[in-house]
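Notes follow once the structure below has been shown.
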Amino acid sequence: MTFRYLPDVALADIAFEAESDTIGGMFESCALAITDIMVNPLTLRARSSREFAFGPADLDRLLYDFLTELIIAKDVDSLLFKEFSVQVDTKGGTLKASAKGEPIDRERHELRNDVKAVTMHMFGVKNVGGKWKATVVLDI
Amino acid sequence: MAQASSFKQISDVSWEIPTSYKAGMNVPAKIYATRKLLEGMDSGVIEQVTNVACLPGIVRQAYAMADAHWGYGFPIGGVAAFDLEKGVISPGGIGFDINCGMRLIRTNLRYPEVKPKIKELVDLIFRLVPAGVGVKGFLKVSEPQFDEIMKYGVKWCAENGQAWEDDPSHVEEGGYIKGADPTKVSRQARSRGIDQLGTLGSGNHYLEIQVVDPSRHFDSSLAKHFGIVDEDQVTVMVHCGSRGFGHQIGSDYLRVFDGAMKKYGLEVRDRELACAPFSSKEGKDYYGAMVCAANMAFTNRQIIVQRVREAFSKVFHKDAESLDMHLIYDVCHNVAKVENHSYGGARSDVLVHRKGATRSFGPGHADIPAPYRAVGQPVIIGGSMETGSYLLVGTSKAMEETFGSTAHGSGRTMSRTAAKREVRGAELQKKMLDRGIYVKAATMDGLAEEAGMAYKDISEVVETMDRAGISKKVVALRPVGNIKG
C-alpha cells in the first residue's frame, strides 16, 4: 500500500500515483495521499469514525466519489482522516469504507494544502500485472 | 516548449496557428506573447488552445494570453467565445474555482503613515479573514439567505449592511450575473459553501496591502480616474473565488458532462474538455449553477473587504469612509458569460469563456461604471506575492480582437514540490521582511510554494498585453503586507 507524488504533472497542483495488491488497499492509499496533502498525518489522531458507501458504479466513478467525499468532509465538518478501511466489490461496483480521524485543530495539526477538487486529468484505475494502480491529479 | 517558427507571426507580440495545424480545428488559434514568452510556454498550451479551437460552435479564434500555461482542458490564460445555438459550454473553460477574481480598494493613506503599523494591520486582518485548510467564515447566513446570495451577490450585500452604496456598481456585472438557478446546485455544494463566506482559502490566493510604485506610474491621468492620486498611496488587493462551493459545482457537473458527451455525440480530445451544447438541459443547468458560484464569489470578496475596512478603521482610529476605502473595481478571471460583441461584421450575443483571463472592456461600454466609462474598465492583474501587481485599463482594441479580454496574472513556472525544495517558508518570510514585505501565512509550506521564483515575470506579461493594445498599463502596485492562504 503506497503512493508517490508526481511533481512534474501539474505545476500549479498536486498529482500522485497509488498502488496496492488489492483494490481496497489502492483506494486506501489514495485516501492517505489526500490526507498527506492536507495535513501532516503524524499530527492527526484517530478519535472519531465515519462510514461511506457508494455505487453501483464503475471503479473510476467510485474512486472519484470517495475522494470527493473526503474533501467535502474537510469543508463541511472540518474532519480530516488518518486511517482507512475500504472494501470494493468489483463485480457489483460498490464500495464500503470507514475512516478514522478528528476535527481540524489549528493549534495541534500541521496543516498543508487546501484541496479544491479531484480532476479528470490522467484520472483512472487500472490493474497492471496483478497490481491495482490509480493516478489522481488534485486541483489546489 | 513551443517553437515560434511553427506559427504565423502577426506582430512582435501576437502569433496565429492556422486551422491546418490540426485536424478538426474550426477556427484559428491566436497567442499573445513575445518570442521569449512564446518559446518559454509549455507545449501543453499549444496543444490545449488548438483543442479548444476544435470545439463545436466556437467563433472567430481561440486565444491564449501572455500568461498562458497548461490547465485542465483549456489552458489557463485562455479565452473562447461560442455561438449560443451551435456552441457549447465547458466547465474546463472556466475552472474549478468559479469566479476566482481580483478586487482592488484604495485608501487615502500614504505609505509613511502605514509603514509603522503594517504588522498590527496585517496581524489583525489575518484574524478577521480566515485562511487555510477547511476554514469557516464569521458571516452566518440561513439557507434562504444563501439562495439570495447565489442570485444577487453584492446587491444582497448592499441590502444587508455588508456593502457601501457604490460597491455593487464597481463590480463586474454590477455585483451579480443574471441567470442564477439555485435549484441546479447540489446539497453537497451548498453544505461546502454556506459557512465559507468571507474566507480567503489557500493555494495562490492572497490578500495584499500595496503601495503605488512611483517608478512605475505609467499614466497618472488615468490613475486619477480610478482614485489613485498619490505616488505612494496605499491600496488593498484581494485574490480569491467561490471556495468549496464553486469547487463542488465544478466537480458535480464534470460528472454530468462526462455522460452528456455521449448523449449529444460529442467527442473531444481531452476528458477535461467535457462540454455540452449551451442550449441543452445539461448546458443550461450548469450555467445556472455556475452563475450561483460566480455570485457567491463576488459576495465572498465583498465580505472580506468589509473586514479589511474594519481592520483599517481600528488600526488608524478613523472610520473607513474617512480613509476613502472605496472599491476601485472587482473583476472575474474564471467565468463564462453571455455578452454582446461585434464579430464577422455583425453584433451578436456569444458565450465568452475566460479561464485565467480578465474582461478588458474599452471606453464607452455601457457595462462600465459611469465614473470610468469614458476611459475604460479597470483591469487588475495579480503577480506573485514578491513581485507585485498591476492596474491596467481595457481598450477598444480588446473589443475588436479578443471579445474584450486580456491576461490575468503571471502563471507558475515551477511545481509546488520544486518550490519547497528551493526555499523554506520561514526563510522566505524573513527575506521578504528584509525587503519590506511583512507576510503572514496559514502554513509555512504554503508560503514556500508561492515564492516569487515559482512564477513567470509578471512585468513581461503586462508589457506584452500593453504592446498588443488589448489593455493599457496604469500603475504598478508593490506589496508591503501580505496574507497568504
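Every chain is numbered from 1 and lettered A, B, ... according to where its sequence line falls, protein lines coming before strand lines.
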To the nearest 0.5 Å, atom CZ of B/R416 lies from atom CD1 of A/I37 at 11.0 Å
When rounded to the nearest 0.5 Å, the distance separating OG1 of B/T417 from CG of A/L6 is 9.5 Å
Honestly, the part of A/V118 sitting under 4.5 Å from a heavy atom of chain B is backbone
Counting heavy-atom pairs under 4.5 Å with chain B, the top scorer among A/T119, A/L111, A/D139 is A/T119
When the 4.5 angstrom heavy-atom criterion is applied to A/Y5 and chain B, the contacting part is neither
CE (A/M122) and CD (B/E272) are apart, to the nearest 0.5 Å, by 11.5 Å
Around atom CZ of B/R424, are there more than 12 heavy atoms of other residues, nucleotides or ligands at under 6.0 Å? no
Cut-off 4.5 Å, heavy atoms of chain B, and the answer for A/L79 is neither
In this structure, CD of B/Q188 is separated from CD1 of A/I71 (nearest 0.5 Å) by 12.5 Å
Quick one: does any side-chain atom of B/S191 pair with a main-chain N or O of A/V76 as donor and acceptor, under 3.5 Å?
no
Most contact-rich option vs chain B, by heavy-atom pairs under 4.5 angstrom, among A/V9, A/V39, A/D13, A/L80, is A/D13
Pair A/K116, B/D97 - check side chain to side chain contact (heavy atoms under 4.5 Å, CB included), show working. CA-CA 8 Å; A/K116 290 178 186 170; B/D97 197 0; 3.7 Å; yes
Within the supplied structure, the quantity of interest is the number of heavy atoms (other residues, nucleotides, ligands) at a distance under 6.0 Å from A/E51 CD; does it exceed 12? yes
Got A/T68 and B/Q248 here, is their nearest side-chain heavy-atom distance under 4.5 Å?
yes
Taking every heavy atom of B/V133 against every heavy atom of A/R106, the minimum-distance pair comes out as O-NH2, 2.7 Å
All heavy atoms of A/D60 vs all of B/R271, minimum pair found to be OD2-NH1, 3.8 Å
Closest non-hydrogen contact found for A/L138 with B/Y72 is O-OH, 3.9 Å
Exercise. Could you check B/K136 against A/I104 for side chain to side chain contact (heavy atoms under 4.5 Å, CB included), going step by step and ending with a plain yes or no?
Key: CA-CA 11 Å; B/K136 294 188 186 299; A/I104 293 172; over 6 Å; no
Heaviest contributor of heavy-atom pairs below 4.5 Å to chain B, chosen from A/N113, A/D77, A/I140, is A/N113
Counting only heavy atoms from other residues, nucleotides and ligands, does the tally under 6.0 Å from NZ of A/K91 exceed 12? no
Handout entry: side chain to side chain contact (heavy atoms under 4.5 Å, CB included) between B/W70 and A/H121, worked out
Key = CA-CA 12 Å; B/W70 179 91; A/H121 182 64; 3.1 Å; yes
On a heavy-atom basis, the closest approach of A/D114 and B/G132 is OD2-O, 3.5 Å
For B/S251 and A/A117, the nearest pair of non-hydrogen atoms, with its separation, is OG-CB, 3.6 Å
Rounded to the nearest 0.5 angstrom, the CZ-CG distance for B/R243 and A/D75 is 6.5 Å
